[in-house]
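Working notes, structure below.
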Amino acid sequence: MANPSANEIAIVAALRRLKRGEVVAYGEVARRAGLPGRARLVARVLAHASVDDLPWYRVLRADGRIAFAPGSAEFVEQVRRLHAEGVSVSDGRVGTALVRNSLDALLWAPPPSAG
DNA sequence: ACTCTGACCAGCC
DNA sequence: GGGCTGGCCAGAG
């Protein structure tokens, strides 16, 4: 975005803090950015950002489902990238517990294959 | 200024 | 688990 607001900058920073294998909800990202209740703004930021600029695929809906329509190119790509980080996705969703307790996800030690 | 829309969410039933 | 409702607020007509 050409002229990012302070809020958008905070959201981008929160997104960049996500580690491999860590999945969070849009609302959680907003929360970490100091913007509770601004989940939609997170979605806007991601929609506007370049695919390789931010870890967009680590962001899911609050119920653990992928935000894209099942079968869409974006959906398939997100599942592919998550699986590459050791996050199992079945039926278009990861465990809701994994999203709600995203902090725990860090303790589950993601596979040390790449990077 | 106003209406619609949106990679969302939480509370109810 | 599913369907509705109200809340959120930035962009695009």
Side-chain angles (χ1 to χ4, degrees):
Chain A
M1 36 200 73
N3 196 7
S5 68
N7 288 351
E8 290 168 334
I9 291 173
I11 288 172
V12 168
L15 288 168
R16 290 199 180 291
R17 281 197 290 275
L18 296 176
K19 295 175 171 54
R20 293 195 312 111
E22 180 183 14
V23 290
V24 297
Y26 290 85
E28 176 66 16
V29 174
R31 214 181 149 95
R32 294 183 182 190
L35 302 168
R38 305 299 303 281
R40 293 186 96 146
L41 184 55
V42 174
R44 291 197 68 75
V45 170
L46 287 178
H48 210 92
S50 300
V51 179
D52 290 311
D53 192 31
L54 297 169
W56 58 272
Y57 53 90
R58 301 205 262 241
V59 187
L60 305 165
R61 285 196 188 174
D63 60 4
R65 288 182 304 169
I66 285 175
F68 298 107
S72 66
E74 306 268 70
F75 178 97
V76 174
E77 179 64 12
Q78 184 162 12
V79 173
R80 197 183 72 76
R81 295 198 182 208
L82 285 176
H83 192 261
E85 294 193 348
V87 179
S88 59
V89 182
S90 65
D91 200 22
R93 57 190 283 177
V94 307
T96 50
L98 182 57
V99 180
R100 296 181 75 88
N101 303 314
S102 54
L103 204 53
D104 291 346
L106 290 173
L107 306 178
W108 294 5
S113 51

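Naming convention: chains lettered A, B, ... in sequence-line order (proteins, then strands); numbering from 1 in each chain.
As rounded to whole Å, 12 Å separates atom C1' of dC4(B) from atom CZ of Arg44(A). Per the geometry, CD belonging to Glu77(A) stands 18 Å off P belonging to dA7(B), to the nearest Å. Between His48(A) atom NE2 and dC9(C) atom P the separation is 20 Å, expressed in whole Å. For Leu35(A) and dC8(B), the CG to C1' distance is 14 Å, given to the nearest whole Å. Residue Asp63(A) contributes atom CG, which lies 10 Å from atom C1' of dC9(B) at whole-angstrom precision. Whole-Å rounding puts the Asn7(A) CG to dA10(C) P distance at 7 Å. The distance from atom CZ of Arg31(A) to atom C1' of dC8(C) is 16 Å, rounded to the nearest whole Å. Going from atom CZ of Arg93(A) over to atom P of dG1(C) covers 4 Å, rounded to whole Å.
Distance alone, capped at 3.5 Å, places no donor-acceptor pair between the Glu28(A) side chain and the Val59(A) backbone.
A sub-4.0 Å separation between OP1 or OP2 of dA10(C) and a side-chain N or O of Arg38(A) is present. Look at Arg61(A) and you won't find any side-chain N or O under 4.0 angstrom from OP1 or OP2 of dG6(B).
At least one side-chain heavy atom of Leu46(A) sits less than 4.5 Å from a side-chain heavy atom of Leu15(A). Residues Val24(A) and Arg32(A) are in side-chain contact: their nearest non-hydrogen atoms beyond the backbone lie under 4.5 Å apart.
For Ala43(A), the side-chain atoms get nearest to dC8(B) when compared with the rest of dC8(B), dA10(B), dG11(C). Closest contact between the side chain of Ala39(A) and the listed nucleotides dC8(B), dA10(B), dA10(C) involves dC8(B). Listed nucleotides: dG6(B), dC9(B), dA7(B). Nearest to the side chain of Arg40(A): dG6(B).
The only option from Leu60(A), Val23(A), Val79(A) that meets the side chain to side chain contact (heavy atoms under 4.5 Å, CB included) definition with Val87(A) turns out to be Val23(A).
Electrostatic pairing of Arg81(A) and Glu85(A) does not count as a salt bridge here, judged by no charged N lying under 4.0 Å from a carboxylate O.
Comparing dC8(C) with dT5(B), their C1' atoms sit 13 Å apart, to the nearest whole Å. Across dG6(B) and dG7(C), the matching C1' atoms stand 14 Å from one another, rounded to whole Å.
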